[in-house]
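Here is the structure we will look at.
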Number of protein chains: 2
Amino acid sequence: MPRARSTSTPRARAGRPGPRAGRPGPRADVDTKARILEAARTSFSESGYAATTLRGVAATAGVDVALIPYYFGKKQDLFTAAMDIPVRPAELIDGAFADGVARAGARLVSAFLDLWEAPETGPALLTMFRTAMTDDAARRSFTEFIASEILASYARHLDTEDAELRASLAATQLLGMVMVRCVLRIQPVAGLPREQVVALVGPSVQRYLSGPLDE
Amino acid sequence: MPRARSTSTPRARAGRPGPRAGRPGPRADVDTKARILEAARTSFSESGYAATTLRGVAATAGVDVALIPYYFGKKQDLFTAAMDIPVRPAELIDGAFADGVARAGARLVSAFLDLWEAPETGPALLTMFRTAMTDDAARRSFTEFIASEILASYARHLDTEDAELRASLAATQLLGMVMVRCVLRIQPVAGLPREQVVALVGPSVQRYLSGPLDE
DNA sequence: CGCGTCGCTCAACAACCGTTGAATTCTCGG
DNA sequence: CCGAGAATTCAACGGTTGTTGAGCGACGCG
């Protein structure tokens, strides 16, 4: 493991920077930090964590590689910064239940589609989901987040005693719909108009929320 | 991880005069190729393609790194070899429809659970799914495979004209159940006995297959 | 004008990656 | 008994990665 390579570099001129450094071009008229973040979001969601290289992110952002550690620190910090998106699941669920449990199924499907199809939140959600599928530590925190935030919010609106069972069953249908339509884009579900998807899978969610479970 | 290597390999560590190599231990009592394949399957499914290193696979298989290119060629070839599992989706679906469309929902749920919970096929399926979510080329071939193999098999058993729509809707529920129960392992669905899951989500799949879609 | 500071570039570094080639030992058919 | 070939090892190569540190240019404040 120790390569014991002292300061004898194969190249000449060790330690001293090159003759050309500094900032030759004009000052950044656009916000460099935001450009890095956006490039990082798309790269993480399209290629995953391990396959994303800082050099690739820097290239699509049009900046130097060293600017990323300069602004964000380590690669893991860039990742958490890219995943920090504004989404309040509790408010979303409360909104879906606003006018009665009887309509909550369709409302939930609609809200889920909003979240996953918006360019602001969709890529980050996909990345979090993918990481939760892969990394075990991420999976634990992800499922704990779902249990304490999402399922608990459901349970507040369903005052039956099997509320958590019903909530997690509804999650299977909601997640599966999002996978098939937004991620894998399997036809014909992927090509249907939004309202039709809501009308088709809404009743299934509704059955889990308020219908008879044993039949 | 059974490391049942009974015969000890005498590692005579003498000096270090130039290149010394060869095979010091006894010949492979266990099938080396199979051990590499198994280690590769679990590593690919737990860490993904980019994050799996040949050195890591070799370490958990207990062999030298160079044996992997020796047996499997490039890393991509090892990947395709690890993904080559015996699964005949058409037969599976035909079996689920064997005694009538009316019972196909529960049968399909049961067959899906078998497939994803078996240690033989589960990891590879998970890997294929994850890769399809990440890589766009893999996604296209995956969805095309689903359309031409899976959905077409469904459609053969449902002779209505919206057969493909019904099949892809059923896929949302089946995939979502597998995600929540087998991959993310969200409670309480993950902790339920098998038959209860079949009883709970079977009717939802059944509705997509033969129930009224507009209600 | 002097000077610090901020934004940025360049070059290098150590570590690790996949892959190759040569060396060595074993097994086995002739 | 011997040589052919398979199985396994070590060492190295060229490339890429994340990260660091030093230098450069412009700007703002004194």
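Just so it is clear: chains get the letters A, B, ... in the order the sequence lines come, proteins before strands, and each one is counted from 1.
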Check your understanding: Rounding to a whole Å, what distance do you find between A/Ile68:CD1 and C/dG7:P?
Key -> 16 Å
Review point. Does a nitrogen or oxygen in the side chain of B/Thr32 sit under 4.0 Å from OP1 or OP2 of D/dT8?
Key: yes
Exercise for review: Could you tell me whether A/Asp31 and A/Arg35 have a side-chain N and a carboxylate O separated by less than 4.0 Å?
Suggested key: no
Check your understanding: Atom CG of A/Leu67 and atom P of D/dG23: how far apart are they, to the nearest Å?
Key -> 19 Å
**Study point:** Value in whole Å for how far the C1' atom of C/dC17 lies from OH of B/Tyr49
**Key:** 12 Å
Practice item. Send over the distance from A/Asp64 CG to D/dG25 P, rounded to a whole Å. Key: 16 Å
Exercise for review: Give the nucleotide from the list C/dG18, C/dT19, D/dG18 with an atom nearest to the side chain of B/Thr53.
Suggested key: C/dG18
Check your understanding: So, is B/Tyr70 near the phosphate of D/dA7, with a side-chain N or O under 4.0 Å from OP1 or OP2?
Key -> yes
Check your understanding: Counting only side-chain N and O atoms of B/Lys33, is one of them less than 4.0 Å from OP1 or OP2 of D/dT8?
Key -> no
**Study point:** Minimum heavy-atom distance between A/Ala82 and A/Ala40, given as atom pair plus value
**Key:** CB-CB, 4.5 Å
Practice item. Calculate the interatomic distance between B/Phe44 atom CZ and C/dG18 atom C1'; express it in whole Å. Key: 12 Å
Review point. What heavy-atom pair brings A/Ala96 and A/Leu108 nearest, and what distance separates the two atoms?
Key: CB-CD2, 3.7 Å
Exercise for review: Starting from the 5' end of DNA chain D, give me the residue, B/Arg55 or A/Ala50, whose nearest nucleotide shows up first.
Suggested key: B/Arg55
**Study point:** Short side-chain N/O contact from A/Tyr71 to OP1 or OP2 of C/dC8, under 4.0 Å
**Key:** yes
**Study point:** Over 12 non-hydrogen atoms of neighbours within 6.0 angstrom of CD in B/Glu164
**Key:** no
Exercise for review: Before giving the answer on side chain to side chain donor-acceptor pair (under 3.5 Å), spell out for B/Ser204 and A/Tyr208 the whole-Å C-alpha distance, their side-chain angles and the decisive distance to 0.1 Å.
Suggested key: CA-CA 9 Å; B/Ser204 283; A/Tyr208 288 139; 3.0 Å; yes
Exercise for review: Figure out the CG/C1' separation between B/Leu54 and C/dT19, and round it to whole Å.
Suggested key: 9 Å
Review point. For B/Phe72 and C/dG18, what is the distance between atoms CZ and C1' respectively, to the nearest whole Å?
Key: 16 Å
Check your understanding: With respect to the side chain of B/Ala66, which nucleotide from D/dT20, C/dT19, D/dC10 is positioned closest?
Key -> D/dC10
**Study point:** Interatomic distance where CD belongs to A/Gln76 and C1' belongs to D/dG18 [whole Å]
**Key:** 13 Å
